[in-house]
Amino acid sequence: MEVHVQLLTQTKIFCGCSTRFGAPPNTNVCPVCLGLPGALPVLNRKAVEFAVLAAMALNCRINQTSIFARKNYFYPDLPKGYQISQFDQPLAEHGYLELESGSARKQIGITRLHLEEDAGKSLHEIPGQDGRSSSGEHSFIDLNRSGVPLIEIVSDPEIGTPDEAYQYLTRLKEIILYTGVSDVNMEEGSLRCDANVSVRPRGRPEFGAKVEVKNVNSFRFIKQALEYEIERQIGVLESGGGIVQETRLYNPAEGKTYGMRSKEQAHDYRYFPDPDLLPLVVDKAWQAEIRSRLPELPESRRSRLIAQYGISRQDAHTLTLTRDLADQFETAARAAKNPQRVASLVANELMGRLRTRNLEIEQSPISMAGVAQSADLVESGAISGKMLKDLYDLAFERNQDFPAVYEKEKPQQITDVAAIEKIIEDVLAANPAQLEQYRGGKKTVFGFFVGQVMRASKGQANPGLVNELLRKKLEN
Ligand SMILES: [Zn+2]
């Protein structure tokens, strides 16, 4: 896999132009990123720090000295006629990330991570101001993206199946997101990936000819494209044909890949060191400074949450989807009596409702403080699980936080002494073994009885009164 990730710097990699997405075409440009003659690049320090941080999160070795190189090719959206990239001396190498399926772990090596600039964008169809479509008549160039900093992350050829490719991308995206160096938003193009696919007969050591599948714009489509492409290659080989090394595009509507250019038309980039830029030196001191900013990463956070709060691995996965969600969960878990209950409420009741409504966690009407309160109410028996679900539904319906909904809807309390005494008698009669334990001196069973009474009253008995009457009853 070759993955390009756009870094979240304020300005471009070699000039001071803004990187803001969605600005009017050709407004974030200057002589440097327009490639005007005589303009000279100046490296953005922040871009280097972000790239190093990402490389560290992916367990890469940082090269103290790396070299910027010119990758030469002609394309209308590349005004200089070359892209500044890194070639034989990249910023970082020899990393890895870990895939997990069930209890099995698999490491996928990361060959290299290097810095480069983005190209501009060709628009082949935009609606004209007078309502006429430009389609087929003109193409347009928007150079706002020209010079936006990218990292390219290349994996070792160790990904064995389309499913592993999907997992690899998911893990990569998650790690990058935690470092905060990119928003890895596929729709806005801040994460793009190309896959190199080859098949080989079982037992044969060498790889077959590779086919590059380019510009697929979702992880799901990549998985589908790989599934199709692998079958296609096997079909060609089994019918006696040969695989041509080429670049193919995936058409998600048809679920097929199509040849774009063959090897004969492939580029010879004639890389050479860029004479306008000094070697990039990231010395040990600078590396240490950047490393100190490395946050806790998703996998270690999952392990810690499992150990610290006693939650399941599956809940831990849901709760660490983003750093923000994990932070929010921990805030709620610390505030509540039972962190496991908070975890399962977030993972099931909250996330489930967000998913069906296509909402992000930031858009949830129920805050983490609300989740903590609701967990405590169930824990104390003040509300039942069924009631909690109803209250969550109401919170989403009214777009109100849990405490507000609960205040309005909370069950009418039973304060009638005779009624509560009746429930207590029933509970004691139904639990003779526990009653005997209590009488035998095991006073902790008291809490069990309180819970049972609250449950039997559907959470409506006044808890203070229950405690008082229960104590009186048991002491007699
Ligand atoms: Zn510029």
Side-chain angles (χ1 to χ4, degrees), residues 3-55 66-87 89-91 113-124 126 138-153 176 179-192 215 267 269-282 286 290:
V3 176
H4 287 90
V5 173
Q6 188 182 313
L7 299 175
L8 267 182
T9 54
Q10 298 286 308
T11 55
K12 294 184 181 181
I13 185 169
F14 298 120
C15 63
C17 292
S18 167
T19 54
R20 193 167 66 83
F21 181 82
N26 301 306
T27 52
N28 295 336
V29 290
C30 74
V32 174
C33 55
L34 288 174
L36 300 188
L40 289 171
V42 178
L43 181 58
N44 180 339
R45 184 182 176 94
K46 199 79 202 164
V48 175
E49 293 184 344
F50 278 177
V52 171
L53 197 63
S66 61
I67 304 289
F68 284 102
R70 290 187 179 180
K71 178 179 180 178
N72 299 280
Y73 63 95
F74 175 79
Y75 205 75
D77 62 19
L78 190 73
K80 294 193 296 295
Y82 61 86
Q83 177 193 23
I84 304 177
S85 180
Q86 296 189 305
F87 184 52
Q89 292 187 64
L91 178 68
L113 182 153
H114 69 249
L115 261 171
E116 62 185 29
E117 61 176 343
D118 208 345
K121 214 174 186 169
S122 302
L123 304 162
H124 300 296
I126 54 170
H138 304 285
S139 283
F140 298 81
I141 307 288
D142 178 4
L143 293 170
N144 283 348
R145 209 177 65 181
S146 168
V148 164
L150 300 177
I151 46 175
E152 180 175 334
I153 303 159
I176 299 287
T179 63
V181 306
S182 174
D183 57 14
V184 285
N185 183 333
M186 283 191 102
E187 271 114 67
E188 294 181 0
S190 53
L191 185 148
R192 283 167 259 160
N215 296 332
H267 294 294
Y269 294 119
R270 294 176 294 114
Y271 281 98
F272 63 87
D274 192 313
D276 290 342
L277 287 156
L278 291 167
L280 169 59
V281 177
V282 185
W286 196 10
I290 298 169

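Indexing begins at 1, ligand by ligand and atom by atom, following the structure's order.
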Visitor: Please check this pair: side chain of T11 against backbone of C17, looking for a donor-acceptor N/O pair closer than 3.5 Å.
Guide: no
Visitor: Among residues at least two apart in sequence or on other chains, which ones pass side chain to side chain donor-acceptor pair (under 3.5 Å) with T9?
Guide: none
Visitor: So, with waters excluded, how many protein N/O/S atoms does the Zn ion (ligand 1) have closer than 2.8 Å?
Guide: 4
Visitor: Would you list the atom pairs, donor with acceptor, under 3.5 Å between side chains in residues 25-40 and any protein atom, with sequence neighbours excluded?
Guide:
unit_1	atom_1	unit_2	atom_2	d
N26	OD1	L143	N	2.7
N26	ND2	I141	O	3.0
T27	OG1	P24	O	2.6

Visitor: For N185, which residues count as a side chain to side chain donor-acceptor pair (under 3.5 Å) partner, sequence neighbours excluded?
Guide: none
Visitor: Are S85 and E116 linked by a side-chain donor-acceptor pair shorter than 3.5 Å?
Guide: yes
Visitor: Would you say N72's side chain and R270's backbone share a donor-acceptor pair under 3.5 angstrom?
Guide: yes
